[in-house]
Structures are given as C-alpha cells and as structure tokens.
Amino acid sequence: MTSSGFFYDADIIKRMAIGYKVTNAGQAPGPFNTVPMGWSAPAGGAYSSANDLISFMKFVFRGGTDDVLSGGILNEYFLPGVILSDVIS
C-alpha cells in the first residue's frame, strides 16, 4: 500500500482525481479541500487510492496475518462501531 496515509504532500495532491464544483459561471475544477486539517479532518485526514483499499480488503477477508494485524484486532474490526443501549443493534 503506497498511496494511503494521513498527511498528503504535493505528490499526492498531484495524483488526486480532479473534482468540479458547479457555480453560476459554470464548472470550476478542483482539487478541493487539500489544506491539512489535522485531527479535525473527516476520517482523521486519512486518504487512500482504490488500489490500496482493494489490497486492504483482500488482506482483511483472507484473515490477515499475525505479523501485520493480530487475529484479535481483526475480529474487533468486524464489531459494531457503536453498541446501543439495547445491546443488540
């Protein structure tokens, strides 16, 4: 995984998909939101390419390896993010 991280630099920004914003004057090309926001950024500022996401999901669904991610941690990955008061949802 070579295109994932939390802090993007000029090289990552250069490789980002170009987004467009519709304005009264037409379309304005991006990229947008490339200013580092630190901990306040959505998803903690994480970014990843589609290829890296595929690699990660293959790793997860093959059961991972203990030298990268222990089985216990991988099991926690599949737990609900929020346990509601009814302890079922």
Could you list the residues that satisfy side-chain contact (heavy atoms from CB on, under 4.5 Å) with Lys14, not counting sequence neighbours?
Asp11
Who passes side-chain hydrogen bond (donor to acceptor under 3.5 Å, both in side chains) against Asn51, sequence neighbours left out?
none
Please check if atom CZ in Phe6 has more than 12 non-hydrogen atoms from other residues, nucleotides or ligands closer than 6.0 Å.
no
To the nearest 0.5 Å, what is the distance between CZ on Phe61 and CZ on Phe78?
4.5 Å
Under the side-chain hydrogen bond (donor to acceptor under 3.5 Å, both in side chains) rule, collect the residues that match up with Ser49, sequence neighbours excluded.
none
Residues forming a side-chain contact (heavy atoms from CB on, under 4.5 Å) with Tyr47, sequence neighbours excluded:
Tyr8, Ile12
Taking Met1 as the starting point, is it possible to reach Leu74 by hopping between hydrophobic residues whose side chains are less than 4.5 Å apart?
yes
Who are the side-chain hydrogen bond (donor to acceptor under 3.5 Å, both in side chains) partners of Ser48, not counting sequence neighbours?
Ser4
What residues form a side-chain contact (heavy atoms from CB on, under 4.5 Å) with Thr2, not counting sequence neighbours?
none
Any residue meeting side-chain contact (heavy atoms from CB on, under 4.5 Å) with Glu76, in chain and number order, not counting sequence neighbours
Ile73, Leu79
Quick one: list whatever passes ring-ring contact (aromatic ring centres under 6.0 Å, His included) with Phe59, sequence neighbours left out.
none
